[in-house]
Structures are given as structure tokens and as C-alpha cells.
Amino acid sequence: MSVHTRLSPLAATARLLSRRANPGLPGLWFVTDPARTPDPVATVAQLPRGSAVIFRAFGATDAVELGRALRQATRKAGVLLLAGADSALARRIGADGIHLPERLAHRAGQLRRARPGSLVTAAAHDAAAIRKARRAGAQAVLVSPVFPSRSPSAGRPLGVLRFQALARGAGVPVVALGGINSRTARRLKGTCAAGLAAVEGVTAP
């Protein structure tokens, strides 16, 4: 079974959520990880048009080389590319924007002013962090972990009800991250999620 076939149910749910709550922004977000997504370029080739990729290099020595390969792949696929945390890397690879970790969310407005037209998103794990990101000018917030996650930094899962409460009062598009796959995504159809973000779940059955 191809990656594209496996991706379809997740992409369909993401598209549904995006059309309802997140017009104009991607519904499906692929978040790279050096250990858990060893071939992100191949995955990008299978993403539906209008998706987004968050390239997290974590200081890798080949970050620019891989970032430029992702830039080429995302342009071909009609997919947005955001660099994780590193504005200098974003410039060097010609990214469409930048995704900020929660600790750097206060820089969202500054980065948008420095690069007009760029997409700036931020991570958040609770209501206070969402408010901070919104006030700083983030255009969307990735809230995690919604479900149990294999990420070594993931905390206690929010669950659907708590996630829904956070998304409903956010005042900014909220994208669900953490344990997202085709199966768990179905549980979010009745929430205010504006999209779905996944690491391994993008290519999981």
C-alpha cells in the first residue's frame, strides 16, 4: 500500500476541519523529526496540495542541504514549507515561514514584520501559551499533545474534551498535534480543531 493511499483518511479529516474552521491555511501539517521521519522528502512527495511541512532540523549539520531538498520537493508538490525555530535557516532555504516553539512564541510579530507575507505559527500546551502566541501575532497555534505520543518531550495527553475547550476559546486557529493518525483524527471531527499535524502519523495506517 502506498504512502498516498494510507494518508488519504487523515488528509480527508484534515481537509474537513480546515474548511470549517481554518479557511486559507493548511489543514494537514507534516512535522519532521530526524529520528522518526528519516526520509521526509519522500513523504512530502505524497502530501496533498495545500498541506504544510514543518522542518525541524534541531541543529543538524546537514540542515541547509536537507532544507533545500525539502524546498524543492514542497514546491513541486504545492505544499508550504516552514522552518522550525530558526529564522536564519528559513531565509537560507527559502521557506514560506517559521514555526516557533512555545518559548519563542513572543517573536511571532517581529518575524512577520521582518518577512511580510510569511506564515508564522507557534507551539502551545495550555491556555496561557495560546493567549501569548495569539497576542504576539502567531497566525496559527499547534497544541499538543492531544493523544499519547512517542515524542520524548511529550507531556500528559490533553484528551479530546480538554483540547476542545482550548480550541474553542483560542481566538486563533488551533491545529491538533500529538498522537495524530487516521484513527485518532476521527475523534476530532466534532471539535474546533482547525487542522491536524503529525510526525509518524502522516504515513501510519
Side-chain angles (χ1 to χ4, degrees), residues 1-18 22 25-101 118-121 123 140 142 144-154 175-186 188 193-205:
M1 185 180 292
S2 70
V3 171
H4 181 73
T5 302
R6 293 198 300 261
L7 176 63
S8 295
L10 180 62
T13 302
R15 189 176 300 113
L16 173 68
L17 294 168
S18 178
N22 184 21
L25 290 176
L28 182 63
W29 302 68
F30 168 45
V31 183
T32 75
D33 180 271
R36 293 187 288 153
T37 60
D39 192 357
V41 174
T43 299
V44 167
Q46 302 300 326
L47 293 173
R49 296 184 69 85
S51 300
V53 175
I54 295 176
F55 171 43
R56 301 186 302 172
F58 295 119
T61 56
D62 64 344
V64 173
E65 180 183 1
L66 178 55
R68 287 174 175 165
L70 284 168
R71 174 72 287 184
Q72 183 177 3
T74 52
R75 283 183 174 141
K76 183 177 181 179
V79 170
L80 295 179
L81 175 64
L82 283 72
D86 191 338
S87 57
L89 177 63
R91 288 192 299 271
R92 293 187 69 183
I93 66 175
D96 300 297
I98 186 167
H99 175 70
L100 299 169
S118 64
L119 177 60
V120 180
T121 65
L142 276 65
S144 68
V146 181
F147 302 109
S149 169
R150 281 172 23 95
S151 170
S153 62
V175 177
L177 172 65
I180 302 295
N181 54 44
S182 296
R183 176 180 52 81
T184 59
R186 292 195 294 268
L188 297 172
L196 302 172
V199 183
E200 295 161 292
V202 168
T203 55

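As a basis for the values below, the full set of heavy atoms in this structure was taken, side chains included, without hydrogen atoms, waters or symmetry mates. Just so you know, these numbers come straight off a predicted model, no measurement behind them.
Between Gly67 and Phe55, the shortest heavy-atom contact is CA-CE2, 3.5 Å. Summarising the geometry of Pro26 relative to Leu80, their closest heavy-atom pair is CG-CD1, 3.7 Å, with the distance given to 0.1 Å. When all heavy atoms of Pro34 and Ala57 are compared, the closest pair comes out as CG-O, 4.4 Å. Nearest heavy-atom pair across Val41 and Ala69 is CG2-CB, 4.0 Å. Of all the heavy atoms in Ala176 and Val146, the pair that sits closest is CB-CG2, 3.8 Å. Across Lys76 and Arg49, no two heavy atoms sit closer than the pair O-NH1, 4.0 Å.
Going from atom CD of Glu65 over to atom CG of Leu70 covers 11.0 Å, rounded to the nearest 0.5 Å. In this structure, the separation between CZ on Arg92 and CG on Asp86 is 9.5 Å, given to the nearest 0.5 Å. Taken from CG in Leu100 to CD1 in Ile54, the straight-line distance is 10.0 Å, to the nearest 0.5 Å.
Annotation: side chain of Val31 is not in contact with side chain of Val202 (no heavy-atom distance under 4.5 Å). No side-chain heavy atom of Leu25 sits less than 4.5 Å from a side-chain heavy atom of Val175. Proximity of Phe30 to Pro40: side-chain heavy atoms (C-beta onward) are separated by under 4.5 Å at one or more points. Between Asn181 and Phe147 the shortest side-chain heavy-atom distance does not fall below 4.5 Å. Two residues are said to be in side-chain contact when any heavy atoms from C-beta on lie closer than 4.5 Å; Leu10 and Leu28 meet this criterion. A heavy-atom distance below 4.5 Å is found between the side chains of Thr37 and Thr32. Between Val53 and Leu82 there is no side-chain heavy-atom pair separated by less than 4.5 Å.
For the pair Ser18 (side chain) and Ala14 (backbone), a donor-acceptor distance under 3.5 Å is absent. No donor-acceptor pair under 3.5 Å is formed between the side chain of Ser182 and the backbone N or O of Pro9.
Remark: Asp96 engages Arg71 in a salt bridge, criterion side-chain N to carboxylate O under 4.0 Å.
When the options Thr13, Leu16, Ile180 are evaluated for a side-chain contact (heavy atoms from CB on, under 4.5 Å) with Leu188, the one that passes is Ile180.
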